[in-house]
2 protein chains.
Amino acid sequence: MKTARTPSSSPPCDFEATFELLGQKHVLVILRALLEKSPQRFNELQTSTAVNTATLSDRLKRLEHLGLVQHRALAVTPRRADYRLTPMGRDLMRIFRTMMEWRRKYSAATGS
Amino acid sequence: MKTARTPSSSPPCDFEATFELLGQKHVLVILRALLEKSPQRFNELQTSTAVNTATLSDRLKRLEHLGLVQHRALAVTPRRADYRLTPMGRDLMRIFRTMMEWRRKYSAATGS
DNA sequence: CGGAATCCACAAGGATACTG
DNA sequence: CAGTATCCTTGTGGATTCCG
C-alpha cells in the first residue's frame, strides 16, 4: 500500500515506528491471530482476521520489516506461503501482557 | 478534531484503544514532553512539541480520556491551563522503558 | 491564553479486478 | 494460492481564523 508516516524526523525514541505500526488498523488483530496459531497461510489469515487483501499484505510486510513476523514463501504451484511470529514478536506479546495488567490496574478511571 | 477509529467492534483486547492512541501522530512526542516537564501550559506544549493547535488539543483530550494526562483549567483571565502526566501515565512510561530494551535487544534484525 | 470551528490537501484503507 | 494494481471513498491532520 502507501502508508509511511514519519520518514525521518527525529523521533522521541527509536521505538516510535513500533507504535505507529501497532496503532494501525488490524495490526493487533493480525498479531493476535498469529499468536493463536502460527504459522498461518496468507488466506488463512485473511479469513481469521477479516482484513482485505491489500491491507493485510501491507501489514504483514511492515510487521516483517520490523522483525515481528517471519514470512516464508514456497515457489510451488499453487503458491504457498506462511507467516509466523518471530522470537521478537513473541517477546513483544509478553510485554503486551504487562500492558494489559497496567490497563486493568487503572481501569476504573479510564472511561473506555 | 474528529478522529475515532473503532467505535465498538469487538477489539482483540481492551488495550487496543491505547495503541491506537499511542500510534497516532505526535502522541509520543507529547508524552515525552510531559515526561520531561510537568505540568506544562497549553502553548508551552505547543512550542515544545511543535504540534498545531487543533491536533494538540485533540491529542490532549484523548490522552486525558484514556487517563494518561490530567488537565487542569483555571478560570482566570487570561486563561490558564496545565497538563501533567497522571500516575497511570507515569506508569506507562516505565513500560516504555521495557519496550525500548526489547527493541534494543533485537535491533540487529529490524532494519529500522 | 486556551482552545473550538472551518477548510482543505493528502494519506489510509476497502472493493474489486487481475496475474504468475 | 498469494499477492499486486487500480480506483475511489473516507479519515486525518495542518493552516488559519475566531472567540471568551
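When reading the values below, keep in mind they use all heavy atoms of this one structure, side chains included, and skip hydrogens, waters and symmetry mates.
Contact between the side-chain N/O atoms of Arg59(B) and the OP1/OP2 oxygens of dG13(D) is found at a separation under 4.0 Å. The phosphate of dG3(D) has neither OP1 nor OP2 within less than 4.0 Å of any side-chain N or O from Lys61(A). Neither OP1 nor OP2 of dA15(D) sits under 4.0 Å from any side-chain N or O of Asn52(B). The side chain of Gln46(A) places no N or O atom within less than 4.0 Å of a non-bridging phosphate oxygen (OP1 or OP2) of dA2(D). A sub-4.0 Å separation between OP1 or OP2 of dG14(C) and a side-chain N or O of Lys25(A) is present. Not one side-chain nitrogen or oxygen of His71(B) sits closer than 4.0 Å to the OP1 or OP2 atom of dG2(C). The phosphate of dG3(C) (OP1 or OP2) has a side-chain N or O of Tyr83(B) nearer than 4.0 angstrom.
Applying the salt bridge (charged side-chain N to carboxylate O under 4.0 Å, His left out) test to every pair with at least one member in residues 81-92 of chain A, sequence neighbours left out, gives these pairs: Asp82(A)-Arg84(A), Asp91(A)-Arg94(A), Asp91(A)-Lys105(B). Every pair passing salt bridge (charged side-chain N to carboxylate O under 4.0 Å, His left out) that includes a residue from residues 34-43 of chain A is listed here, sequence neighbours excluded: Lys37(A)-Glu44(A).
For Phe19(A), the ring pair (Phe, Tyr, Trp, His ring centres under 6.0 Å) criterion is met by Phe15(A), Phe19(B), Phe96(B), not counting sequence neighbours. When the side-chain hydrogen bond (donor to acceptor under 3.5 Å, both in side chains) test is applied to Gln40(B), the partners found at least two apart in sequence or on another chain are Ser48(B).
Rounded to a whole Å, the CZ atom of Phe42(A) is 12 Å from the P atom of dC1(D). Spacing between atom CZ of Arg62(B) and atom P of dG11(D) amounts to 13 Å, rounded to whole angstrom units. Remark: C1' of dG2(C) and CG of Leu74(B) are 11 Å apart, rounded to the nearest angstrom. At whole-Å resolution of the value, CG in Leu56(A) and P in dG13(C) are 13 Å apart. Between Leu63(A) atom CG and dG3(D) atom P there is a gap of 13 Å when expressed in whole angstrom units. The nearest whole Å value for the distance from the CG atom in Asp82(B) to the P atom in dC1(C) is 15 Å. In this structure, the NE2 atom of His26(A) is 10 Å from the C1' atom of dA12(C), given to the nearest Å. At whole-Å resolution of the value, CD in Glu20(B) and C1' in dA12(C) are 14 Å apart.
The backbone N or O of Leu68(B) lies less than 3.5 Å from a partner atom in the side chain of Thr86(B), making a donor-acceptor pair. Distance alone, capped at 3.5 Å, is enough to place a donor-acceptor pair between the Asn52(B) side chain and the Thr55(B) backbone.
Between Val51(A) and Pro78(A), the one whose closest nucleotide on DNA chain C sits nearer the 5' end is Val51(A).
Residue Asn43(A) has its side chain nearest to dA2(D) when only dG20(D), dG13(C), dA2(D) are considered. In the set dC1(C), dG13(D), dA15(C), dG13(D) carries the atom at the smallest distance from any side-chain atom of Thr55(B). For Ser57(A), taking side-chain heavy atoms from C-beta onward, the closest of the listed nucleotides dG14(D), dG3(C), dT4(D) is dT4(D).
Among the protein residues, Arg80(A) comes within range of the sugar-phosphate backbone only, with heavy atoms under 4.0 Å from sugar or phosphate atoms but none that close to a base. Nucleic acid contact class of Thr53(A) (heavy atoms, under 4.0 Å, all strands): base.
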Using atom types as modelled, flag every donor-acceptor pair under 3.5 Å from a side chain in residues 71-79 of chain A to any protein atom, sequence neighbours excluded.
from	atom 1	to	atom 2	distance (Å)
His71(A)	ND1	Tyr83(A)	OH	3.4

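A distance of 11.5 Å separates CD1 in Ile30(A) from CG in Leu85(A), rounded to the nearest 0.5 Å.
Summary for the helix from dC1(C)-dG20(D) to dG20(C)-dC1(D): the axes at its two ends, each from 5 pairs, differ by 40° when rounded to the nearest 10 degrees.
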